[in-house]
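Here the structure is laid out as structure tokens; the discussion comes afterwards.
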Protein chains: 2
Amino acid sequence: MSKIKKDNTEEKILEAAKTVFIKKGMDGARMQEIANEAGINKALLHYYFRSKQKLFEAIFTNLFKQIFPNIIKLMTSEEPIEKKLKEFIENYIDILTNNPRLPAFILREINRGVDFFGQIFRSQSINPNIIFAMFENEMEKGNIVRMNPRDIMLNILSMCLFPFAAKPLMQLMLFENDSEAYTQFMEERKASVTKFVLNAILLKDKHL
Amino acid sequence: MSKIKKDNTEEKILEAAKTVFIKKGMDGARMQEIANEAGINKALLHYYFRSKQKLFEAIFTNLFKQIFPNIIKLMTSEEPIEKKLKEFIENYIDILTNNPRLPAFILREINRGVDFFGQIFRSQSINPNIIFAMFENEMEKGNIVRMNPRDIMLNILSMCLFPFAAKPLMQLMLFENDSEAYTQFMEERKASVTKFVLNAILLKDKHL
DNA sequence: TCTAGTTTTGACCATCTGGTTAAACCATAT
DNA sequence: ATATGGTTTAACCAGATGGTCAAAACTAGA
């Protein structure tokens, strides 16, 4: 048994499937295209993963974990709220810069109406309540403005994720389709969004 | 020639196609499904619109206009910046509440890599520069914080659009999949986002 | 009523697509 | 060398899908 060979093709398949699925989505992707991308015979896809569905689940599950990675970890450190948010936003935008197509892919698939993604999410056992409690604690201490912690969380996620999900549109709208300008813009956004959020919620001196 | 009949079926088709395309996207939608939804024969779809592509373009073009409707109009009134932003956010979230699936649909299709959407956008002749100039003018007057006006615009759009685009995920994450709670939350967000944005950019007294 | 034009339909077609199968291939152990 | 067992391939299949077509059904004017 040649384990080296097996591991190699399996990885090639996963890599190819990831590329194709992210670009085309479950519906748009073709098994033949994945096979070509991996440089192998189409039947091999079914040999390693029984069906398109199973292959997709393997990819999606893995990618989904990457986009909601250590949110909890980042949000529950012992740092002051300013630093906590700053590091979260910077880290998150960095992750997304390295995986720019992930947000659009995830959004596309969670909107397909198949309940499969719900299972993934539940199995992740992400508990947002810990984060909400953290925000509420800061409100008690008078550090930040009183508001629904869900809004804070959602606002931050929106400002980080949406610009990637809507890249084709925003790049056209804001930078006449100049891809490099948009990348540069996202880099600067790490500081910009941080400032924006802190300005919005900090109670003490306005952080400028 | 029975104009009444014709207009009727054509409208039925457009309505059905809109429903199906929004739910399934171009790739996922089936002509048969659209025909069923419209309660007509599949061949009629091709009689009125030559191909799936043509039918899709008719729908997409129309929907696309709805989501970037009167942005300019709303943003260039003579009202003070506070009121301008308040009304924009409230109007925009209202529009989206009435068309909750639109953001996900648009995002899905603009990420399909087909350049067709670029043409639509250009034909819309939306000029963001007018909005940027407006923000820059407010900065000159010392009304708002100095920052890239693109960031302001993108932040607002993000906070309005993303919660709808990511509804299946956020509803699960924030409200244990309680749909009504999420709707209620979006209603309250009109005020919350407005406050958030004004807090973030206004220079004078912190608007609470 | 008859006729000409339009709308609607069922049957059909070529192609694509996910999936299967049987045979070939190949490294290893005996 | 040859038997063994995992790996890879070409050929194939059934069902789905976008699209076509000729005929039927309908409408309105002569």
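Chain identifiers are assigned alphabetically (A, B, ...) following the order of the sequence lines, protein sequences preceding nucleic acid strands; residue numbering begins at 1 within each chain.
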Take the angle between the ring planes of A:Phe60 and A:Phe64 and call it parallel below 30°, perpendicular above 60°, tilted in between. tilted

Would B:Arg150 count as a cation-pi partner of B:Phe132, with NZ or CZ less than 6.0 Å from the six-membered ring centre and within 45° of the ring normal? yes

Tell me whether the side-chain N/O atoms of B:Thr9 come closer than 4.0 Å to OP1 or OP2 in C:dT8. yes

Between D:dG19 atom P and B:Leu44 atom CG, what is the distance in whole Å? 15 Å

Salt-bridge contact B:Lys84-B:Glu78 (side-chain N to carboxylate O under 4.0 Å): no

Determine, stepwise, if the pair A:Asp94 / A:Lys190 fulfils salt bridge (charged side-chain N to carboxylate O under 4.0 Å, His left out). CA-CA 8 Å; A:Asp94 271 339; A:Lys190 290 196 283 192; 2.8 Å; yes

C:dT8 phosphate, OP1 or OP2, under 4.0 Å from B:Tyr48 side-chain N/O: yes

Separation of D:dA10 C1' from A:Ile40 CD1 (nearest whole Å): 14 Å

My understanding is that only residues two or more places apart in sequence, or in another chain, count here; which of them pass side-chain hydrogen bond (donor to acceptor under 3.5 Å, both in side chains) with A:Arg108? none

Per-nucleotide protein contact string for nucleotides 13-20 of chain C (B base, S sugar-phosphate only, - none; heavy atom under 4.0 Å): ----SBBB

Sequence neighbours excluded, the answer for side-chain contact (heavy atoms from CB on, under 4.5 Å) partners of A:Pro100 is A:Phe164

In whole angstroms, the gap separating P of D:dG5 from OH of A:Tyr47 amounts to 13 Å

Whole-Å distance separating the CG atom of A:Leu45 from the P atom of D:dA10: 14 Å

Quick one: B:Phe49 CZ to D:dG18 P, roughly how many Å, whole number? 16 Å

